[in-house]
Amino acid sequence: MEASLTARDRVGIQDFVLLDAYTSESAFLDNLRKRFHENLIYTYIGTLLVSMNPYKELEIYSKKQMDTYMGVNFFELPPHIYALADNVFRTMQSEFNNHFILISGESGAGKTEASKKILQFYAVSCPSTKLLNNVRDRLLLSNPVLEAFGNGKTLKNDNSSRFGKYMDIQFDHQVEKLPHLLSAGGGRRGRSAPLARPGEKLPALQILSGNCAKVSSINDKSDWKMLRKALSVIEFSESDIEHLFGIIASVLHLGNIKFGVDVRGYASLNNNNKEMHWVSKLLGIPMQVLQQGLTHRKIEAKADEVFTPFSEEHAIYARDALAKAIYGRTFNWLVNKINESLVNKDSSRKTVIGLLDIYGFEVFSVNSFEQFCINYCNEKLQQLFIELTLKSEQEEYEMEGIEWEPVPYFNNKIICDLVEEKHRGIISLLDEECLLPGEASDLTFLEKMEEKIGGHHHFVTHKLADQKTRKTLQRGDFRLLHYAGEVTYCVVGFLDKNNDLLYQNGKEVMRQSKNAIIQHCFPSTEPDSKKRPETVVTQFKTSLVGLAEILMSKQPWYVRCIKPNEAKQPGRFDDVLVRHQVKYLGLMEHLRVRRAGFAYRRKYEIFLQRYKPLCPDTWPNWKGTAAEGVQRLIKHLGYKPHEYKLGRTKIFIRHPRTLFATEEAFQVCKHKLATRIQANYKGYRVKEDYQKQKDAATKIENCWRGLMARKERERRAWAVKVIKKFIKGFITRNQPSCVDNSEYLAYVRQNYLTRLKENLPKTILEKDSWLIPPPIMQEASQLLKKLYVRHTVRKYIQGITPQRKAQVLLTHINNNTLRYICGVPVVKYDRNGFRPRLRQLIFTQEAAYLVEEAKIKQRIDYSSLKGVSVSNLSDNFLILHVTCDDNKQKGDLVLQCDYLFEALTKLCGITNKQNYVNVVQGSVRYDIRPGREGFVDFKSGQESMVYRAKNGHLMVVSVEFFK
Ligand SMILES: Nc1ncnc2c1ncn2[C@@H]1O[C@H](COP(=O)(O)OP(=O)(O)OP(=O)(O)O)[C@@H](O)[C@H]1O
């Protein structure tokens, strides 16, 4: 219903219980019509399903549809026969009890189709095992077999079931579902004989020439194939099938036998009668026996047997009675055979769902004995409905702790009693009349009824009626006011039809048959009861009581089928016809009972779940019990006390309008909620995405870190190897080149050369800053140094331009007195080893000048130059000894010159003194100034340096390259 609440404005309402004008037949009809025109053929009245015959194939029975309805809350989806089937099954499962589905309606309203749909639904939802598939096939194929023998074309339905059908589907809970079948085939309806259809094999039975009706909606060829297949699946042997068709053909021939009248006025049969000939042949009964049986009645008087001839009328009656008996018993045999094929031998407890496909109220222009029986049956079923529904309603109220409110409904028990009460009921009176010896007739039966039940409110005859009613009644009519409406019956034929006597010798004739099925149906062991057999109506009543007992122990479900028009046309809704059925199906009455108490009831949980957004206290989550939540909710919604009741587990709402108002509020609120939920959802999705990305990032990071750690480990391992090799190489560096040190030595070489390249002396003057070579590079270093010194000297010399030479001379030498000879860069040291800036020593003819930045610092005359001392080491020191007579003289000069040899050579050349240069070893004395002496000590060491030693001497340390 929850879904129907939403859809109610679209195409009517899906549940009549929610119809505000629930007592209005027109409102009821309007809703049906509206939905029918939209192909919505199903509508609920509570759990009752109203089904309109669409007379066209609708796409609503696919496997997909079945799946949609499987296991879904009954009220959540649009009404459907599958919803009902599923709900029955699930209730049975949860409550572990038995159920039945009563399908009723007029002929052609769609009962058989509905029961087929239910069976198909159960068959499809059944688990698939070999055993179950077998049973399922038989179950489904039993339908075409029963239809082939039990259906016929009538004015109302091309394929009308001529029998009521009840079947039990057993469910084994171990395997979830195991359909087993089938009990009882109801009595055949006597209106028209089953109709055989022309078929491939039938010529052998000599009935092809029969005047058979053609039915456009039926495909005989494919139906015939289906029947043959079904019979073989249900394990009918070839001889069974042959005998079966023999019987059907013989019944048809029997019906065609025409009697003559002999001279005495008795019925007679010609020996050449073709029909009789075929019946005799098909059933294997001697012609004479058959002829005698059809025209005479055997009367047993004491030990004697007397045959009295039939009048023509009697003979026709006896012929029809025999044909009906043959067909009826054969049909019973068929049903038993199908039951045997489906019988469940497993005796463990199972629950069942009964399927009762039964004709509804019948009201024709002339109604006879058959309509009386059918309508009595419907009266009983209504009684059952009232008892079961009210009972369950009462039980529910009791369980829920709600005070029972009397339900204003019509209890039709009074009508049932009128029909079936012992000694006083119509059935008893009819039987009495039938059993009465003497001149009983239909009219005496009518008089008896008038006499015995004349004052009953639901019974009226022409004689008993008032002036106005009498006009609507014939003299031979009686009228019953059934719960669904009044029906007028014509009493003619009641007695005969009730007697339906098969004369004793009819049975005896059949016993002589060679047909195995006939032998089975008319056993010689059948007692030839002298007592009159039970009348038809009593048999009917007995089987009805039996059925009611079966049904009473089960929980009922209803499908009420309605045909929209008599023309079997799709899309046509005949108001009068439908209104008639609504009335006689008792739908308004049903609705009244359903609406007597509360229109709507739901478990607290379900109600709260749906409507909790309507109250801030219950939304989004209610922390307390569902019952408290509902209380809070309805208080917030402002429900009036008389509009609802609160049970133990359910809320009961009296009027649909209360619920609709709530639903409307919910619909409005839903949109707002949807937006909010959407936003939340989007947020959630984004968060989810973010989380995913974060996780992915962490993963990537982990992988990356792992990779880096592995690389680092490899790198370290490599480094350890390299270092080890390096250390080993270092340890063995002085050994001849071998595996252990070759790489180290190559490295040392390369390293030295690289460093040397970067640290080459920039000028000629820096030649002492030559990078100290490792031992293995000593020789190479010396050679390189030599080469490099030569190279730089050449470059230097090439680099001195004539201008520069001239500039030096002109700038630094006073007047024209000096003649340029040569300028050598020198460094002058004082006794403390203080190293002044770079200067130049310029030699002229007469003097040497110490020149610094173009300012002449000191002039030494050659005449005062006593000599030059140099050490035998590579320190490039030269000491110029001068005469110190003149106090203005500053003393001897301690100089360092990178171009020592060139300077000495030049000096010797200028002074023209060959032994002028004194090479000393270790130490040389010099005059710091006149009268004060100093010493310069020379030695070799790791690093070249000049400093004042502790003894006050100037210490010159030089690196020994060329040893
Ligand atoms: N749900 C349906 N969808 C399509 N067609 C349907 C449906 N129900 C019934 N019909 C059509 O209506 C015809 C009559 O239906 P069906 O034989 O079930 O009626 P019935 O109530 O069993 O009649 P009877 O009491 O005479 O046996 C079917 O042969 C079929 O053509």
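Start at 1 and go down the list; that is how both ligands and their atoms are numbered.
Ligand 1 is approached by A109 to a heavy-atom distance shorter than 4.0 Å. Contact between L58 and ligand 1 is absent, with no heavy atom of the residue lying under 4.0 Å from the ligand.
K34 approaches G12 most closely through the heavy-atom pair CD-N, 3.6 Å. Closest of all the heavy-atom pairs between H482 and V487 is CD2-CG2, 3.5 Å.
The option with the heavy atom closest to atom 19 (O) of ligand 1, from among G110, S51, C561, is G110.
For ligand 1, the polar-atom distance check against K111 finds a nitrogen or oxygen pair separated by under 3.5 Å. Considering backbone and side-chain atoms together, S107 places an N or O closer than 3.5 Å to an N or O of ligand 1. Note: no N/O pair closer than 3.5 Å links I41 and ligand 1 by distance alone. Polar contact with ligand 1: absent for P54 (N/O pair, distance under 3.5 Å). In terms of N/O distances under 3.5 Å, ligand 1 is not approached by K117. Geometrically, ligand 1 and T112 share a nitrogen or oxygen pair separated by less than 3.5 Å. Among the atoms of E57, none of the N or O lies under 3.5 angstrom from an N or O of ligand 1.
Ring pair F494/F478 is perpendicular by interplanar angle, where above 60° counts as perpendicular and below 30° as parallel. Between F121 and Y82, the ring-plane angle classifies as parallel under the 30° and 60° cut-offs.
Using a 4.0 Å cut-off between heavy atoms, K568 makes no contact with ligand 1 at all.
Y376 is linked by a ring-ring contact (aromatic ring centres under 6.0 Å, His included) to nothing, counting only residues two or more places apart in sequence or in another chain.
Applying the salt bridge (Lys or Arg N to Asp or Glu O under 4.0 Å) test to every pair with at least one member in residues 57-68, sequence neighbours left out, gives these pairs: K63-D67.
In the model, T535 has a side-chain atom that pairs as donor or acceptor with a side-chain atom of T538 under 3.5 Å. R560 and S104 are linked by a side-chain donor-acceptor pair at a separation below 3.5 angstrom, with hydrogens and angles left out of the test. Between the side chains of Q371 and E362, a donor-acceptor pair is found at a separation under 3.5 Å.
Set against the non-hydrogen atoms of E106, the atoms of ligand 1 under 4.0 Å away are 21 (O). Each of the atoms 1 (N) of ligand 1 lies under 4.0 Å from some heavy atom of Y61. Atoms of ligand 1 lying under 4.0 Å from at least one heavy atom of Y55, given by number and element, are 12 (O). Every atom of ligand 1 is numbered from 1 in the order shown, and the set under 4.0 Å from a heavy atom of K56 is 3 (N), 4 (C), 5 (N).
Of the possible donor and acceptor atoms, one in the side chain of N98 sits under 3.5 Å from a partner among the backbone N and O of V352.
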